[in-house]
Amino acid sequence: MAGLSFCNAIGVVLLAVLAFPLCYTFIPPQVHEVKGKCAVVTGASTGIGVQIAHVLASEGISKLVITARSKEKLDAVAANITKHYPKTQVFAEKSDVSKPEDRTALAETVAKTFGSCPTTLVNNAGVESFLHMELQSAKPKIDQMIDINIRGLIHLTNDFLPMLIKSGGHIVNIASLAGKMPGIGVNVYSATKFAVIGFSLNLRADMRHRKLDVSVHCVMPGIVKEAGMADDMGKQIGLPLESITDLAGFSRPIDTANAVVEAIKYDHPELIVNSLPVWPLIAIHSIFPRWFDFTFELPLPSVERLNAWFDKVTDYQSQK
Ligand SMILES: NC(=O)c1ccc[n+]([C@@H]2O[C@H](COP(=O)([O-])OP(=O)(O)OC[C@H]3O[C@@H](n4cnc5c(N)ncnc54)[C@H](OP(=O)(O)O)[C@@H]3O)[C@@H](O)[C@H]2O)c1
Ligand SMILES: *[C@@H]1O[C@H](CO)[C@@H](O)[C@H](O)[C@H]1NC(C)=O
């Protein structure tokens with residue numbers, strides 16, 4: 001009897017201690033609005049960025065700047081958003097995140113266009129190349145991924161922060177599951193996404209510590225079907241993504257777009273977007289770092305298919 005009440009007491013104490021983190025993880029209160037505010041989405045000419053722009057418009061963003069390098073595609077995206085969400089004012093701005101002059105020009109244009117409207121910056125533009133790291137011909141691709149995914153994202157954030165701090169707002173960085181765990185041939189890309197996650201978490205801490213009204217969020221999709229870079233790659237090598245998503249899980253561009261809105265509304269520091277839960281794998285890896293040595297070597301058909309897909313993409317992209 002005494003033993004039971006002791007256990008009960010421990011149970012009650014544990015629940016009380018865990019209630020706060022559990023509540024904030026599974027039923028967080030809504031603390032921000034999207035409607036009537038302003039947003040900038042980079043990499044919004046194709047793939048996931050297009051969907052993020054559409055969903056922000058559907059949520060009632062009043063002014064939306066979409067940006068990328070291809071102006072024609074941006075104009076088409078802007079026209080379609082205007083057609084479906086006429087209340088949102090859409091501006092298509094050609095800009096290359098890897099060029100310093102383009103970044104400062106974009107920040108100036110946006111500051112002028114938005115005035116004091118609370119603003120969300122969605123850092124979505126990114127590129128991916130699978131590489132055999134020993135190839136000397138890989139150098140331009142290594143630099144391109146670092147320049148766009150890390151240097152571009154961090155500097156653009158730096159360019160926007162003065163106006164974001166004044167108006168209040170959000171920064172949503174699109175990282176990847178590749179920023180949480182290793183893959184095959186994804187070496188440099190994964191490094192850039194680990195960097196994005198580290199930058200996001202630290203900038204969030206900085207803003208909170210200095211009581212500045214800018215919240216930072218990181219959204220991490222796994223393999224994305226229907227559009228985007230992984231889907232393009234599957235089509236190029238003739239091995240459909242379906243051959244690997246049974247093991248790795250998948251999501252659609254709309255899921256990442258919805259996660260961006262959810263991250264803002266519920267102030268999530270991080271959101272993983274994938275049909276299968278992957279956090280147990282990440283947790284196991286944190287405790288047993290040798291875990292991934294075995295994962296990729298398991299003699300299972302689904303693992304072999306996954307490795308074959310990644311090998312084929314790596315060979316294909318290394319030849320280009
Ligand atoms: N698809 C996936 O499976 C997946 C999974 C996890 C994470 N992600 C991440 O999600 C984000 C979007 O990827 P996606 O799949 O939608 O790729 P995507 O279809 O290749 O689109 C990439 C977008 O970024 C733009 N972009 C590329 N380089 C740029 C530059 N230098 N300056 C400005 N814009 C640039 C592209 O437009 P322009 O070429 O016109 O400039 C395009 O709009 C990326 O950060 C990616 O790493 C994707
Ligand atoms: C235009 O936008 C609508 C609504 O978001 C979407 O269903 C449709 O696929 C888009 N069309 C093109 C060509 O992107």
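FYI, the numbering just counts along the sequence from 1. All of these numbers come straight from a predicted model, not from anything done at the bench.
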My understanding is that only one of Thr245, Asp231, Leu276, Val224 makes a side-chain contact (heavy atoms from CB on, under 4.5 Å) with Phe250; could you say which? Thr245
Donor-acceptor check, side chain of Asn187 to backbone of Leu131, threshold 3.5 angstrom: yes or no? yes
Asp255 side chain to Asn274 backbone, donor-acceptor under 3.5 Å: no
When the ring planes of His170 and His217 are compared, do they come out parallel, tilted or perpendicular, using 30° and 60° as the limits? parallel
Indicate yes or no for a side-chain donor-acceptor contact from Ser45 to the backbone of Lys73 under 3.5 Å, with no hydrogens or angles considered. no
Verify whether one side chain among His155 and Asp159 offers a donor that lies under 3.5 Å from an acceptor in the other. no
If we count only N and O atoms by modelled type, under 3.5 Å, do the side chains of His84 and His54 hold a donor and an acceptor together? no
Do Val273 and Ile171 land in one hydrophobic cluster if side-chain heavy atoms of ILVMFWY residues count as linked below 4.5 Å? no
Expected output: side-chain Ser98 to main-chain Gly152 donor-acceptor under 3.5 Å: no
Between the side chain of Ser318 and the main-chain N/O of Asp315, is any donor-acceptor distance below 3.5 Å? no
Does the Thr104 side chain pair with the main chain of Glu101, one donor and one acceptor, at a distance under 3.5 Å? yes
When you group the ILVMFWY residues by side-chain heavy-atom contacts below 4.5 Å and let the links chain together, are Tyr266 and Val260 in the same group? no
Under a 4.5 Å cut-off applied to non-hydrogen side-chain atoms, are Trp291 and Leu281 in contact? yes
Would you confirm whether Asp102, through its side chain, and Asp96, through its main-chain N or O, come within 3.5 Å as a donor-acceptor pair? yes
Are the side chain of Gln317 and the backbone N or O of Phe130 linked by a donor-acceptor pair below 3.5 Å? yes
Taking a hydrophobic cluster as the set of Ile, Leu, Val, Met, Phe, Trp and Tyr residues connected by side-chain heavy atoms closer than 4.5 Å, whether directly or through intermediates, do Leu64 and Ile174 fall within one such cluster? yes
